[in-house]
Every structure is written in structure tokens, then in C-alpha cells.
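All remarks here apply to the structure that follows.
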Number of protein chains: 2
Amino acid sequence: MNSATRQKIVMTALELFYVKGYNSTSIADILSRSQVHSGSLYHFFPGKQDVLVAVLEFYRDGIRENLLDLAWMGVDDPIDRIFALLNGYRTGLLESDFAWGCPIGNLALELSEPDPNIRKLLDVNFKNWIAAVEGCLHDAGARLPEGTDRHALAEFILTTMEGAIMQARTAQDIAVFDRNIAVLREHVALLENAARQIWIN
Amino acid sequence: MNSATRQKIVMTALELFYVKGYNSTSIADILSRSQVHSGSLYHFFPGKQDVLVAVLEFYRDGIRENLLDLAWMGVDDPIDRIFALLNGYRTGLLESDFAWGCPIGNLALELSEPDPNIRKLLDVNFKNWIAAVEGCLHDAGARLPEGTDRHALAEFILTTMEGAIMQARTAQDIAVFDRNIAVLREHVALLENAARQIWIN
DNA sequence: GTCTATAGCGTGATAGAC
DNA sequence: GTCTATCACGCTATAGAC
């Protein structure tokens, strides 16, 4: 089930879906780029959509080692970890001249009426990302005001990242991304400040 | 240049691009839905992409009468106006069972390497929306702390809306949208509170 | 400006030898 | 499991009568 050929197909599709999107990536694109032939691809996958499923499962199963571990290497402070994660997407935008962004977010808006399986896989990828950030917010403990809805705040941080990427890509200007993150930082600072106020009183 | 047929084409394309996306909408879809024949469409437009240009120009030129005036009817408070605008998208999500969202945001993420003209039209649509919100923030005057970057905050509000729509659509759950807007509301409340503190001291 | 017919191509997918 | 050849379809776009 996990032959080298299958892996090559999935990783190539992952790359192409990321840069060109799902609809604009043809099977022929995947085949020529991966040096695999039609018969092999259809030996492993019933159809194109099943390749997408495999890609989304790869993201889902590898979020820790392929995303979080890399972003958090040498970063211990929980709040710093959140912004280190966001900074990874910033780097991606710059390195790719705004071609990359968030692979899940791109697909979520491109596939308007996705197959239920696909929709659930997109959703679980978002939810895993949110859970990781929520963990950081939990670790921040009393630095946030008591009663802060850490789940809602984690969702909001994903929201900020997705929206900031969308605007920066469209404007082709990283400053838009930076200004968005700066406002988020200010929000977190206001919360930390509020927590301190409560502590004093 | 603005015959009834041309208008019918543009409005039908607008609808279909909104619901199905650009790539997934075929010329044949537009023709059958609008009851127009191929020859007429290609009489007015060189190609499919030019229909998209016309749609984006329609959004650009009609933001006030087709969006802002409707959302702001009977709403005078500038901060309320911002949340009334956001609430319009919430209604759209509910009424369409999560098929709608933000037409510009959808296209911005679907078209990964858009033609420069298209990219500029998407960008100008975002910028007009931001300018409208920035106007509200300007009208809020001293309710926000002195020195608040109102442009950055307006961008951030667009970011919040786009990210909230993306997540709510994917989860097919309006509560995700609501939680995101609630955090934004809290941020604005914290700013208003900070402005009051400065006033007291 | 409108209509019909159709060209020309790229697509997802299949057949069958090896 | 891999490879080549190819089908059947839907797509954008065009031609040309009216």
C-alpha cells in the first residue's frame, strides 16, 4: 500500500495541488512531474479525487513532524511558538514569491461543493492545527485572563493567518501579512495586560 | 456596450462563479443558465477570462449600492456598521447552506497564478472594502486610542471575515463564524476600553 | 446581434501486453 | 506493478448563415 511509486505520486500531487490548485492540476501534470505512468497511478488510485484524499491524509498524519516540530525547533515559550508557526507561512510566501500559502485553506475555498470525505478531511486538518495552537494557549496559563475562551482564540489565530495570507497573496505584498500579524500580536498583548491587571487587583 | 444580453451574461456568470467557482463554471453553464447562445457571448467577450473581468468590475463599481448601502440601512453608529457588514456575510452563509461566502475571497484563493489584470481587480476589490471599513474606524474618532493604525485594523477586519467564512464553510457550522466575530468584538472592546483609560488619566 | 453546428484540444480514465 | 496506446467526453472557441 505504501510503495515508493505511490509515495512519489502523493508527494508530487501535494506539490502541484499546493501551487496550482486541485482543478488546475491535471493527471498528466502529476504523471510527467513524477515520472510515473498512467497505469501505475490508476493501479494505486481509483481516480483523481482519491489522490487528493491521500494528500489530505498525509497532511493530517504528519502535522507534528512536518509542520509543528520544524516551526518550534528551539522555541519554548508557548506564545512565541504561535508566532513562530505563523512566521513559517510568511517565509513560505516570500520564498515562493506568493505562490504558496496554506495548502488546506486554498483547497477549502477552491472546492466549493466538495465530496463529504474531502470536506471532513479539510475540516480535520483545520481542527488539528487549531488544537495545536490551543495547546500553546493552554500552556500560557495565567498569562491570559481567567475565563479566556482558548478554543475560540485558537480558531481566531487560524482565521488571522488564513486571511492574512489571502490578502498578502492578492496584493503581492508581505507588508499586508505583517500588519495583520501585528494587530494579532497587539490583541494578545492586550489580553496579557488584562490578565496582569486582574492579578494586581 | 451594456446591452441587456451582455448584462444577463455578466449577472449569470457572477452567480455561477460565486457558487461553483471560476474553473468549475463552464461557458456552457453560463449559456444554458442565461438562455444566451454561444455566438452572443463571444460577440461581447473575447473569452471566458474577459467575462470574469466584467464580473470583477461589476463588484468594484457597485460596492456602495450593492453591498454597503444594503448592510448599513438604518445603522448609523460606525462600529455597528462594521459588524452589520460582517453580519451580511453570515446571513449569506446561512441562506445558502454554506455555498456562498465572499466572492472575491473565493476567487483570490482559487486563481493561484492569475493574469495580472485579474489580480489587480481582486486587489482593488479588497482595497475598496478595506477603505469602507477604514472610513467607519475614522468616524469612530476618539473611541479608539489615539495613534491606532486604522488602516491596519480595517485590513484585519477583512482578514477576520475571510478566515471566519473559510472555517465556517469547511466545518459547515455557523458557530465557528460567530466565535471568530466574538473575538473580534472583544478586540474592539479592548481598544475602546484602552481609549477610555487614556481619557481618564 | 443572434443562432446552429462544429472544430480542436486537453481531460480523466481504460485496455491489455508485458 | 509497469508501460503504451487510446477512448470518450466536455471544454473553450470559431465559422458562417441569417
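In what follows, every heavy atom counts, from backbone to side chain, and hydrogens, waters and symmetry copies are set aside. Keep in mind that this is a model prediction, so the values were computed, not measured.
In DNA chain D, stems built from 3 or more consecutive Watson-Crick or G-U wobble pairs, each with both distances under 3.5 Å, span C:1-18 with D:1-18.
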Contact list (N/O, under 3.5 angstrom) for nucleotides 11-14 of chain D vs protein:
unit_1, atom_1, unit_2, atom_2, d
D/dT12, OP1, B/Ile27, N, 3.4
D/dT12, OP1, B/Lys48, NZ, 3.2
D/dT12, OP2, B/Ile27, N, 2.7
D/dA13, OP2, B/Tyr42, OH, 3.4
D/dA13, OP2, B/Lys48, N, 2.8
D/dT14, O4, B/Ser38, OG, 2.7

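The distance from atom CG of B/Leu31 to atom P of D/dG10 is 16 Å, rounded to the nearest whole Å. When the P atom of C/dT11 is taken as reference, atom CG of A/Leu16 falls 12 Å away, rounded to whole Å. Protein atom CZ of A/Phe45 is 18 Å distant from nucleotide atom C1' of C/dT14, rounded to whole Å. One atom, CG of A/Leu52, and another, C1' of C/dG12, lie 15 Å apart when rounded to the nearest Å. Regarding B/His43, its NE2 atom lies at a distance of 9 Å from the C1' atom of C/dT2, rounded to whole Å. As a whole-Å value, the separation of B/Leu41 CG from C/dT4 P is 15 Å.
Below 30°, between 30° and 60°, or above 60°: for A/Phe156 and B/Phe156 the angle between ring planes is above 60°, a perpendicular geometry.
Judged by the 6.0 Å distance and 45° axis criteria, B/Lys48 is not positioned over the aromatic ring of B/Tyr42.
A/His37 has no side-chain polar atom (N or O) that falls below the 4.0 Å cut-off from OP1 or OP2 of D/dT2.
With sequence neighbours left out, the salt bridge (charged side-chain N to carboxylate O under 4.0 Å, His left out) criterion links A/Lys20 to A/Asp29. Annotation: side-chain hydrogen bond (donor to acceptor under 3.5 Å, both in side chains) contacts of A/Asn125 (sequence neighbours excluded): none. Residues meeting the side-chain hydrogen bond (donor to acceptor under 3.5 Å, both in side chains) test with A/Arg179, sequence neighbours left out: B/Glu155. By the side-chain hydrogen bond (donor to acceptor under 3.5 Å, both in side chains) test, A/Asp77 pairs with A/Arg143, sequence neighbours left out.
When atom types are taken as modelled, the side chain of A/Ser96 and the backbone of A/Gly92 share a donor-acceptor pair closer than 3.5 angstrom.
Between B/Glu113 and B/Arg119, no side-chain nitrogen of the basic residue sits less than 4.0 Å from a carboxylate oxygen of the acidic one, so the salt-bridge criterion is not met.
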